[in-house]
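Okay, structure first, notes after.
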Amino acid sequence: MLFNSYEFILLFLPISFFVYFFLNKNRLTTASKLWLIFSSLFFYGWWNIAYLPLILSSVLFNYLITRLIIGWGKSKINHFNKKFLLQVGLVFNVGLLVYFKYMDFFIENTNAIFGSNIASLHLVLPLAISFFTLQQIAFLIDSYEGLVKENDFLNYVIFVTFFPQLIAGPIVHHKEMMPQFASVKNKVKNYKNIALGLFIFFIGLFKKVVIADTFAVWATAGFDTGTSLNLVAAWITSLSYTFQLYFDFSGYTDMAIGAALLFNINLPQNFNSPYKATGMIDFWNRWHLTLTHFITTYIYTPIVRSFKKLTLHKAMLATVITFLIAGFWHGASWMFIIFGGLHGVGLATNHYWRKRKIKLNPILSWFITFNFINITFIFFRATNFDDAVKVLSGMFSLNNIIIPTFLMEKLSYLSQYNILFGNFLSDVSGGYHTPVWVLIGLIIVTTTSNSSEKSDRFSLNKKNLFGIIISSTLGILYLQQESEFLYFNF
Amino acid sequence: MNAKTWLITFLTFTSICLSLVVALNIFIDPIWTFNHKNKFNTLQRNFDERLQKSVFMKYRTDIDTIDSLIMGSSRVTYYNQYDFKNMKAFNYAFSSGSPAEFEFFIDYAKNLKNGHFDNIIIGLDFVGVFVEPNSVKSNIKNDLRTILSIDDYSFFKRYLSFNTAIYSVRNIHSSIFNRAGHRSYDRSNVVSVDKVDMNKVQRITEHSSQGYYSEGSKRGEKKHYYESLLKLKDSNKETNFIVFTTPVASVFLEKIFSNENLRHDYFEWIKNTVSIFDEVYFFTYKNPFSENYSSLSKDGNHFYPEVGKMISEILTSDTEIEPYGLLINKQNLNDKLKYLKDNFNNKG
């Protein structure tokens, strides 16, 4: 089920909400938890009920393993068995991910390298597998490390399956979630939370259906149709995708945070105006924050710890390796690996500059960072290397410049420099309004406050009331063209 | 303001706003689901004729009384279905319509009727021969989605849509100021159009004729076009096909005859369509329509409804076809081809 659908907004969410608090009001707290679990599994199964057994098996298996780890830890079992159980758990989770997500990638590359003819499995990627696997891996490792305090079964199931964050994050940590599910105070309806939750939810809906889906038209046309792009069309394509990705993903996150808040659950912030970043370190402290936290804690730190003596170069190497893995986590494609590698190198370079106290003018820093992000997102979006080259070559080639026909009278002398006049945005199905939208997008991401800042300053005033009426009305009216969230593909 | 009051105010005002939009969309009905007429919805712009006409057929037509379908591209949308004599026809033509797509919509109509049609009248455009197969495939995918969406409960969500509200507002403007624009429909599926100044028509036609057939002159095989026509004929064996070709301005004809490839494709088009349908009412040559295009069309290939009226009378009654057209069949094909070659050589 999509957040941006009539079924979710007008049926599923209100029904889940009212039944949940009705049961809590009548002190049926176990029933209310079961209801939340049922709603979440219903939400997941709406996409494809055949994969419900998969998520249930994963949850049950992981809970059993962590229970055994924690249980045996208390009863003086030897270190070997705890470690063995952790390894079994990790192999299971990573194995699940590898099987469904990466098997065909490995088969294709094996066939390409060795000339073999192994048949692909053509498996459908189960929705949300990357997210619920990561969350449970974190829980597993923390159980082993003795960091898990709360391990009630129902709270654990809700922690993994809670529908606002189940499909595409934020990647939640048990430490911040399970106490909230256990808290008695959260069982009571809180009208301020409901108001704030709906406020954030509809900001997210507006960002997704009005803004992101508008940019999606030009990004999709530029990447997927046509064999070449002129200079302007290529830049419009890349910038459109850069804005589409941000508004789509942050819009989804806002909707997740807003929906969770209705139930008095605070999900962690995931975006903090990433396109205002003035360096790669700054960027990853603003973009997909929960992923940054996960890969820092569970990938980067263990790599660094494995080095006997840590030097700057080893730290830089660890960064590149971490981001190669993070890139690969996004999808089974060399494009994602290239994306991750580029970001790893960008981050390592930023760390080096910081160490050497190399400073740039803030505007120049922003300009370099933004363009680096914009270019690397081309690899993130392109389905193959040729598509990426198509966009990149259009962006940096001076041999294919087309400018609007209405400028022909005043700028006809440019023809001698092989500059053509015509429909400069036909390749991206755009019009004269397209560059205006791109400019507006740039202004929004670089100057306005983000939804997190808005929610921190939220109060029950007329200005916010007017804002939510407009965003919810437009958001619902734009729902007719249902479109999936980009991060559903991961 | 306390949170409860704030929430109640938000829900109330949002509900009011959404209800107003739904009410507007139902009142103006740009999707053509309802029968009501009022002074604000007399002229309706086409935004998706495939959807609008399919909805019209499903919800507003007594399909059992319809015995004929009119198929074609935007050029044929200007033809008034009520001008077709001795039959009860439904004009199912739509913008950029191509033979490969007609099959889906004819099948949809047959499903609604639960039977076949006595007649299918098809208008063919010479430029249609050169449509890219990939773009046709993409249209067909969208066509399928359109047809499926009409029968789904989710169809009525269209009335809670911003885009539909924009169309409603445009229709109010058209109806109040009686501006049909390039093409508007009344509530009975009949098109009207604002006539364009003759000098402007000439300029538009000359400009657009420059690259009009450019794809055709480059490409070789047009097999897919003829395969679609054959498939259409074969899957409607009980139906009588009345096939005609749409007129174009003399400027376009000059482009065809000054290019060897286009000339070759043109004559192949005539031969192949006659071979498939046995008989074709041919209007795509030098005739009073092509010579007087500036007063009879808006752009040299979209002719006004009065031309459509003349053609419909020729197709469905005893009205003499010449000098406006040629009735070409397998028996007189060679003679007519010779006539056309001479006709163009004289012009040249």
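Residue numbers start from 1 in every chain, and the chains themselves are labelled A, B, ... in the order their sequence lines are given, proteins ahead of strands.
Of the atoms belonging to A/Asn461, it is backbone heavy atoms, and not side-chain ones, that fall under 4.5 Å from chain B. Residue A/Leu474 touches chain B through its side chain alone, counting heavy-atom pairs closer than 4.5 Å. For a residue to count as touching a neighbouring chain, one of its non-hydrogen atoms must lie under 4.5 Å from one of that chain's; by this rule B/Leu7 touches chain A with the side chain only.
The number of heavy-atom neighbours closer than 6.0 Å to NE2 of A/His433, taken from other residues, nucleotides and ligands shown, is above 12. Surrounding CZ of B/Arg170 are at most 12 heavy atoms belonging to other residues, nucleotides or ligands under 6.0 Å away. Counting non-hydrogen atoms of other residues, nucleotides and ligands closer than 6.0 Å to NZ of A/Lys454 gives a total above 12. The environment of B/Tyr59 atom OH is dense: over 12 non-hydrogen atoms of other residues, nucleotides or ligands sit within 6.0 angstrom.
Taking OG of B/Ser15 as the start and CD1 of A/Ile469 as the end, the distance is 10.0 Å to the nearest 0.5 Å. Put simply, CG on A/Leu198 and CH2 on B/Trp6 are 7.5 Å apart, with the number rounded to the nearest 0.5 Å. Rounding to the nearest 0.5 Å gives a distance of 9.5 Å between CG of A/Leu477 and OG1 of B/Thr164. Separation of atoms NZ (B/Lys4) and NZ (A/Lys189) is listed at 7.5 Å; rounding is to 0.5 Å. For the atom pair CG of B/Leu18 and CG of A/Leu10, the computed distance is 8.5 Å after rounding to the nearest 0.5 Å. The distance from the CZ atom of B/Phe10 to the CD1 atom of A/Ile468 is 4.0 Å, given to the nearest 0.5 Å.
Residues B/Met1 and A/Leu465 share a closest heavy-atom pair of CE-CD2, 4.1 Å. The two residues A/Leu460 and B/Asn2 make their nearest non-hydrogen contact at CD1-C, 4.0 Å.
Inter-residue side-chain proximity for B/Thr14 and A/Phe202 is flagged as unmet; no heavy-atom pair is nearer than 4.5 Å.
Ring geometry for B/Phe162 against A/Tyr478 counts as parallel: the plane angle stays under 30°, on a 0 to 90° scale with 60° as the upper cut.
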